[in-house]
Amino acid sequence: MSHGLLKGKKGIIFGALDSNSIAWKVAEQAHAEGAEFILTNSPVALRKGELNALAEKTNSDTVPADATSMEDLNKLFDHALEKFGKLDFILHSIGMSVNVRKNKEYTDINYEWLTKGWDISAVSFHKVMKTAWDKDAMNEWGSIVALSYIAAQRTFPGYNDMADNKAFLESIARSFGYEWGIRKKVRVNTISQSPTPTTAGNGVKGFGGFIEFADEISPLGNATAEDCANYCITLFSDLTKKVTLQNLFHDGGFSNVGVSERVMKRYEK
């Protein structure tokens with residue numbers, strides 16, 4: 001049910017690819033809550049994905065932009081500022097590891113691929129915020145959110161260098177978020193989401209096991225993409241104006257549970 005939480009708010013949503021994407025669900029829910037926004041992804045992703053259908057559904061512009069390219073980001077934000085004026089929210093839902101895609105073990109990663117994945121998954125968040133900063137593109141009390149995963153804090157075999165990328169992403173959020181807060185009254189947070197069967201997530205070796213294990217450990221079960229979208233809406237809204245510099249675990253309680261009864265029963269003799 002819509003409550004109009006984002007009525008009158010304008011934003012940019014990075015990373016929607018198809019209906020399995022968290023960013024896709026965020027766009028649908030933001031539209032339902034009254035927001036207007038621009039949808040963006042890399043030119044390659046736009047060709048492979050289904051973003052035009054989402055744009056039509058939400059009455060949104062689509063602007064191709066490689067989030068690692070300052071030239072592309074400048075064009076994107078110029079378009080947004082011309083269309084909307086200043087923005088109220090940005091979602092960064094971008095992550096990719098060539099080493100994961102190529103099945104490279106962490107002990108034998110390709111460093112050129114590492115750099116590419118690091119740029120796409122983490123440094124792009126800094127580039128997005130720097131572009132917004134340089135153009136004074138955010139309204140006061142605006143909200144910038146990036147999606148993360150608990151592999152930034154814990155070891156998950158198979159998640160590979162994406163774990164390092166997420167750790168760096170969260171650090172960027174804190175460091176740049178401090179500047180946004182004291183100078184612009186804008187909040188910056190990351191959401192550490194349950195393992196979610198998106199196109200990117202399914203590329204990680206053993207990801208189905210991650211999902212099943214987390215669901216058995218979490219008191220509330222895994223948070224779905226739709227659940228995450230709802231959480232993002234609260235962070236874009238005025239209900240969370242004093243929440244910033246946080247890595248917010250949205251995982252059904254997984255992050256605070258050592259072991260569950262369901263798992264222990266497997267080892268009882």
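Keep in mind that the numbers below use all heavy atoms, side chains included, and drop hydrogens, waters and symmetry copies.
- Taking CD1 of Ile13 as the start and CG of Asn41 as the end, the distance is 12.0 Å to the nearest 0.5 Å.
- Between His31 and Lys57 the shortest side-chain heavy-atom distance does not fall below 4.5 Å.
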Item to check | side-chain contact (heavy atoms from CB on, under 4.5 Å) assessment of Phe249 paired with Phe254 | outcome: CA-CA 9 Å; Phe249 288 101; Phe254 175 84; over 6 Å; no

Next on the checklist: Please evaluate residues Glu170 and Gln153 with respect to the criterion side-chain contact (heavy atoms from CB on, under 4.5 Å), reporting the C-alpha separation (whole Å), side-chain torsions for both, the decisive distance (0.1 Å), and the verdict.
Outcome noted: CA-CA 10 Å; Glu170 292 175 14; Gln153 288 81 32; 2.6 Å; yes

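- Under the 4.5 Å side-chain heavy-atom criterion for grouping Ile, Leu, Val, Met, Phe, Trp and Tyr, Ile120 is connected to Ile144 within one hydrophobic cluster.
- In this structure, Lys10 NZ and Leu81 CG are separated by 13.0 Å, a value rounded to the nearest 0.5 Å.
- Of all non-hydrogen atoms in Leu245 and Gly177, the two that sit nearest each other are CD2-C, 3.2 Å.
- Nearest heavy atoms, Arg262 versus Asp215: NH1-O, 3.5 Å.
- In summary, the side chains of Asn99 and Asn160 do not present any donor paired with an acceptor at a separation below 3.5 Å, with no hydrogens or angles considered.
- Relative orientation of the Phe89 and Phe236 rings is parallel, given thresholds of 30° and 60° on the angle between their planes.
- Using a distance-only test at 3.5 Å, with no hydrogens or angles considered, no donor-acceptor pair links the side chain of Ser97 to the main chain of Met162.
- Looking only at distances, a side-chain donor or acceptor of Arg187 sits under 3.5 Å from a matching main-chain atom of Trp141.
- Residues Leu169 and Val98 fall within the same hydrophobic cluster, defined by Ile, Leu, Val, Met, Phe, Trp and Tyr side chains chained together at heavy-atom separations under 4.5 Å.
- Between the Asp18 side chain and the Glu50 main chain, no donor and acceptor come within less than 3.5 Å of each other.
- Atom NZ of Lys7 and atom CD of Glu33 lie 12.0 Å apart (nearest 0.5 Å).
- Heavy-atom minimum distance, Pro64 versus Thr40: C-OG1, 4.1 Å.
- Contact annotation: the side chain of Ile22 never approaches that of Tyr231 to less than 4.5 Å [non-hydrogen atoms, C-beta and beyond].
- In this structure, Lys75 pairs ionically with Glu71, as a charged nitrogen and a carboxylate oxygen lie closer than 4.0 Å.
- The list of side chain to side chain donor-acceptor pair (under 3.5 Å) pairs with a residue in residues 107-119, not counting sequence neighbours, reads Lys104-Asp108, Asp119-Lys127.
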Item to check | Working for side-chain contact (heavy atoms from CB on, under 4.5 Å), residues Arg101 and Met96 | outcome: CA-CA 8 Å; Arg101 289 186 176 181; Met96 190 280 293; 3.4 Å; yes

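- Aromatic ring centres of Phe125 and Phe176 lie farther apart than the 6.0 Å criterion allows.
- When side chains are defined from C-beta on, Ser192 does not count as touching Asp251, because their heavy atoms never get closer than 4.5 Å.
- Here Ile191 contributes atom CD1 and Gln246 contributes atom CD; the two are 12.0 Å apart, rounded to the nearest 0.5 Å.
- Between Cys228 and Thr196, the closest side-chain pair of non-hydrogen atoms is not below 4.5 Å.
- Side chains of Lys166 and Thr190 form no contact here, defined as non-hydrogen atoms less than 4.5 Å apart.
- Shortest non-hydrogen contact noted between Ile12 and Ala80 is CD1-CB, 3.9 Å.
- Between Ala122 and Asn165, the shortest heavy-atom distance links the atoms CB-O, 3.5 Å.
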Checklist entry - Would Asp61 and Phe84 satisfy side-chain contact (heavy atoms from CB on, under 4.5 Å), going step by step from the backbone distance to the final call? => result CA-CA 11 Å; Asp61 290 354; Phe84 295 137; over 6 Å; no

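- Between the Ser171 side chain and the Phe168 main chain, no donor and acceptor come within less than 3.5 Å of each other.
- For the pair Ser42 (side chain) and Ala45 (backbone), a donor-acceptor distance under 3.5 Å is present.
- A donor-acceptor pair under 3.5 Å is absent between the side-chain atoms of Ser218 and the main chain of Gly253, judged by distance alone.
- The CD1 atom of Ile233 sits 8.0 Å away from the CG atom of Leu5 when rounded to the nearest 0.5 Å.
- In this structure, the side chain of Asn222 does not engage the main chain of Ser194 through any donor-acceptor pair within 3.5 Å.
- Counting heavy atoms from C-beta outward, Leu248 and Leu235 have side chains that approach closer than 4.5 Å.
- Heavy-atom contacts from other residues, nucleotides or ligands closer than 6.0 Å to CG of Asn59 number 12 or fewer.
- Using modelled atom types, one finds no donor on one side chain facing an acceptor on the other under 3.5 Å when comparing Lys25 with Asn230.
- Tracing side-chain contacts under 4.5 Å through hydrophobic residues (I, L, V, M, F, W, Y), one never reaches Ile172 starting from Leu91; they form parts of separate clusters.
- No side-chain heavy atom of Val186 sits under 4.5 Å from any side-chain heavy atom of Trp133.
- Atom NZ of Lys184 and atom NZ of Lys86 lie 7.0 Å apart (nearest 0.5 Å).
- Counting heavy atoms from C-beta on, the side chains of Gln193 and Leu147 never come closer than 4.5 Å.
- Residue Tyr106 places its OH atom among 12 or fewer non-hydrogen atoms of other residues, nucleotides or ligands, all under 6.0 Å distant.
- In this structure, the side chain of Thr240 does not engage the main chain of Val243 through any donor-acceptor pair within 3.5 Å.
- Nearest heavy-atom pair across Ala27 and Leu54 is CB-CD2, 3.8 Å.
- Judged as a side chain to side chain donor-acceptor pair (under 3.5 Å), the pairs with a partner in residues 87-96 (not counting sequence neighbours) are, in order, Asp88-Asn139, His92-Ser124.
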